[in-house]
Every structure is written in C-alpha cells, then in structure tokens.
Number of protein chains: 2
Amino acid sequence: MLKDSPEFTDHIGYWLRRVSNAVSSGFAAKLETLDVSVAEWVFMRLLYKRDPIPPSQVAEVMALTRGGVTKIADRLINKGYLVREDDPEDGRSQRLKLTAKGNQIVPKLAALADKNEAEYFAHLSAPEKRQLMALLQKTVEALGIDTVPIT
Amino acid sequence: MLKDSPEFTDHIGYWLRRVSNAVSSGFAAKLETLDVSVAEWVFMRLLYKRDPIPPSQVAEVMALTRGGVTKIADRLINKGYLVREDDPEDGRSQRLKLTAKGNQIVPKLAALADKNEAEYFAHLSAPEKRQLMALLQKTVEALGIDTVPIT
DNA sequence: TATTGTTATACTCTATAACTATA
DNA sequence: TATAGTTATAGAGTATAACAATA
C-alpha cells in the first residue's frame with residue numbers, strides 16, 4: 001500500500017484521527033443495522049434517563065446550531081424515538097423527551113457501543129487501556145473541551 | 001454545563017472521539033484561513049514530493065470512492081494546486097500531480113499542522129506524548145488500519 | 001428588542017449507480 | 001467484458017440568515 005509521507009506522521013493528531021475515525025466508522029456500521037446514525041445516538045444518549053431538555057441545550061452540548069438540532073430531532077421524531085413538549089412556563093420554549101420506544105432502543109445501542117469498544121481495543125492490556133483513557137481525559141480537561149462529538 | 005451520562009463515558013472510543021474532533025476542528029479552522037479543507041490537505045499531502053499517482057490510488061488510500069476523488073481533485077484544480085495528466089501507456093488512466101503552486105502551499109499547511117499539534121498537546125510531557133503516540137500506533141497496527149482519514 | 005425555535009439555502013463529505021472511453 | 005474515470009443523484013452533517021412567535 002502507498003504510505004503517507006514520513007514528514008507528516010510525527011503528529012499525535014494524525015494518529016489520533018486515524019484511530020478515532022476507524023473506531024467511529026466501525027461503530028457507525030453497527031448502529032446502521034438498527035437504522036440509527038451516530039448523531040442520532042449521541043442525541044438520544046443525552047436525553048436518556050434525564051428530565052426533558054430544550055433544543056438549545058442539546059445544541060450547546062453537541063456543538064450544533066439550533067437549526068441542526070431541529071433537523072436531527074425531526075428525524076428522531078419521524079422514527080418514533082422522540083417527542084417535543086411545549087414549555088408551560090415559556091411559550092417560546094420546548095422540551096425534548098424520549099418516547100417509550102426511544103427509551104427501549106438506547107440500551108440496545110449501548111450494547112453495540114460496548115461491542116465496538118471490545119472489538120477495537122482488544123489488543124491493549126488493562127493497564128494500557130487505563131493509560132490511554134487517562135491521557136485522553138487529561139487532554140479533554142486541559143483543553144476545556146466541553147462538547148460531545150457527533151461524527 | 002450539562003454532563004454526559006456516566007454510563008456512557010467509560011469507553012476509550014468516547015474520549016478518543018472527543019479529543020480527535022476537537023484537535024481536527026482546530027486544525028480545520030487554521031486551514032480555512034488559507035481556504036483549504038482537511039480533505040484537500042490530506043489529498044495534497046499524499047501527492048507532495050512524490051511521483052504522480054492515479055486517482056484510483058488516491059481513492060484507496062483515502063478510503064474514498066473514485067467519484068469522491070474526482071470531486072476533490074476538481075476543487076484543487078480550480079484552485080490551481082493540481083493538474084491531471086494522461087497516462088501515455090493507458091488511455092483510460094490518469095496521473096494526478098501538484099502544480100508549482102501546490103508544492104508551494106503544502107509546507108505552509110504543514111506549518112499550520114505543526115502549530116495545531118503544539119497547541120493541542122502542550123499540556124502533555126514528552127514521555128506522555130511518546131506514550132500516547134505509541135498506544136495509538138500500536139492500535140493502528142493491531143487493527144490493520146490502512147487508510148488516511150479525511151474529516 | 002431579545003430570545004426560542006423553524007425554515008430556506010448552501011456547501012462538504014460520502015455513497016450508489018449510470019455512463020463514456022479505452023483495453 | 002473489464003477497467004479508469006466522470007457525472008448525476010441523494011443523504012448526512014454543518015453553517016448562515018431570514019422568519020414567526022413569544023417575552
């Protein structure tokens with residue numbers, strides 16, 4: 001296979017992207033068997049076992065615009081996983097809530113996430129896994145990353 | 001800020017995606033100052049200081065369809081960074097080659113990559129960086145990941 | 001006037017499939 | 001028939017901006 005030029009492979013960011021994209025696309029393929037996208041999974045996961053929250057808050061956490069949230073919410077509503085409720089205290093505001101169907105599928109999707117994790121990190125020892133996780137978490141904290149990625 | 005549910009944060013894949021997306025979007029923002037997308041950068045990087053290669057090979061390395069390669073190549077050609085050459089030995093085949101302008105911008109983009117790397121991993125010590133890189137490289141090898149990610 | 005959410009529009013990345021030219 | 005590449009079409013994710021309803 002054609003290799004990438006050596007001058008460009010000395011960045012952590014480069015390897016991070018290679019691994020992350022592989023893991024994510026493996027996960028996306030698993031989710032697809034249940035006709036759910038990664039964005040939809042992240043969305044539902046945010047709402048799972050939690051009081052209904054307004055779209056604006058979903059937008060903030062997922063680093064999406066409000067328009068983007070509307071689009072994903074529309075798809076989830078069409079699939080029967082989500083409902084919109086009016087906020088009784090503010091006529092402009094809404095609350096998003098998983099339906100019973102939505103609450104039922106989340107654990108199934110979580111099982112796929114578990115399966116993917118096991119599959120992609122089987123080659124690392126337990127200490128190595130802890131080490132990797134610790135370095136990543138340290139990075140999230142140091143950089144003040146406060147959003148949940150979609151893709 | 002609204003936190004993600006604890007049940008879902010015990011996966012390496014989760015943290016990997018959070019960090020990788022943050023690093024990548026920081027890089028994308030830097031590239032944008034020169035009107036170049038990440039896909040275009042990866043594309044040009046593949047061709048830099050190398051004999052011209054056919055679109056089919058770019059498709060293979062970047063895990064794109066041939067149609068996708070055509071699209072990105074078209075944009076790079078419009079920007080004056082790339083040219084198509086006919087293969088003298090096979091009338092169906094082409095070779096993609098950076099122009100002088102293309103060869104000039106790649107080092108500038110590489111400098112942005114260096115800057116991004118420094119910025120996003122400043123909080124890690126040299127041994128920690130080596131450790132993280134080693135764990136990621138080990139994963140790439142163990143999984144047989146042989147493509148260069150775009151997004 | 002400011003805020004919440006929707007809608008319209010557009011662009012990038014990605015895929016599938018039909019098509020052209022060549023082998 | 002098979003292969004290299006292009007083109008057409010579509011869908012997801014993302015952004016900006018205009019808009020309606022409410023505050």
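In this text the structure is predicted, and so the values were computed from the model without any measurement. Naming convention: chains lettered A, B, ... in sequence-line order (proteins, then strands); numbering from 1 in each chain.
- With sequence neighbours left out, the side-chain hydrogen bond (donor to acceptor under 3.5 Å, both in side chains) criterion links A:Glu85 to A:Lys97.
- One can place CG of B:Asn78 at 13 Å from P of C:dC11, the figure rounded to the nearest angstrom.
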Tabulated below should be each protein N or O lying under 3.5 Å from an N or O of nucleotides 14-19 of chain D; please produce it.
residue : atom : partner : partner atom : Å
D:dT14  : O4   : A:Lys71 : NZ           : 2.3

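- The side-chain hydrogen bond (donor to acceptor under 3.5 Å, both in side chains) check on B:Asn103 picks up nothing, with sequence neighbours excluded.
- Contacts of A:Thr70 with the nucleic acid, taken as non-hydrogen atoms under 4.0 Å apart, include base atoms.
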Starting at the 5' end of DNA chain D, write a dot or bracket for each base, bracketing those in Watson-Crick or G-U wobble pairs whose two distances are under 3.5 Å and using | for partners on another strand. |||||||||||||||||||||||
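- Here salt bridge (charged side-chain N to carboxylate O under 4.0 Å, His left out) pairs that include residues 109-121 of chain B, with residues two or more places apart or in two chains, are B:Lys30-B:Glu119.
- Residue A:Ile77 contributes atom CD1, which lies 10 Å from atom P of C:dT7 at whole-angstrom precision.
- Side-chain atoms of B:Trp15 come within 3.5 Å of backbone N or O of B:Thr9 as a donor-acceptor pair.
- Taking CG of A:Leu98 as the start and NZ of A:Lys49 as the end, the distance is 12.0 Å to the nearest 0.5 Å.
- When the C1' atom of C:dT3 is taken as reference, atom CG of A:Asp90 falls 8 Å away, rounded to whole Å.
- Using a cutoff of 4.0 Å between basic side-chain nitrogens and carboxylate oxygens, A:Asp74 and A:Arg84 are scored as salt-bridged.
- Close to D:dT3, at under 4.0 Å from its OP1 or OP2, lies no side-chain N or O of B:Ser56.
- Within residues 91-98 of chain A, the residues that place at least one heavy atom under 4.0 Å from DNA chain C are, in residue-number order, A:Arg92, A:Ser93, A:Gln94.
- Look at CD on A:Glu32: it is 15 Å from P on C:dT14, rounded to the nearest Å.
- In this structure, B:Glu60 atom CD and C:dA15 atom P are separated by 14 Å, rounded to whole Å.
- B:Arg50 contributes a side-chain N or O that, together with a main-chain N or O of B:Leu46, makes up a donor-acceptor pair within less than 3.5 Å.
- Checked by atom type and distance alone, the side chain of B:Ser93 never pairs as donor or acceptor with a backbone atom of B:Glu89 at under 3.5 Å.
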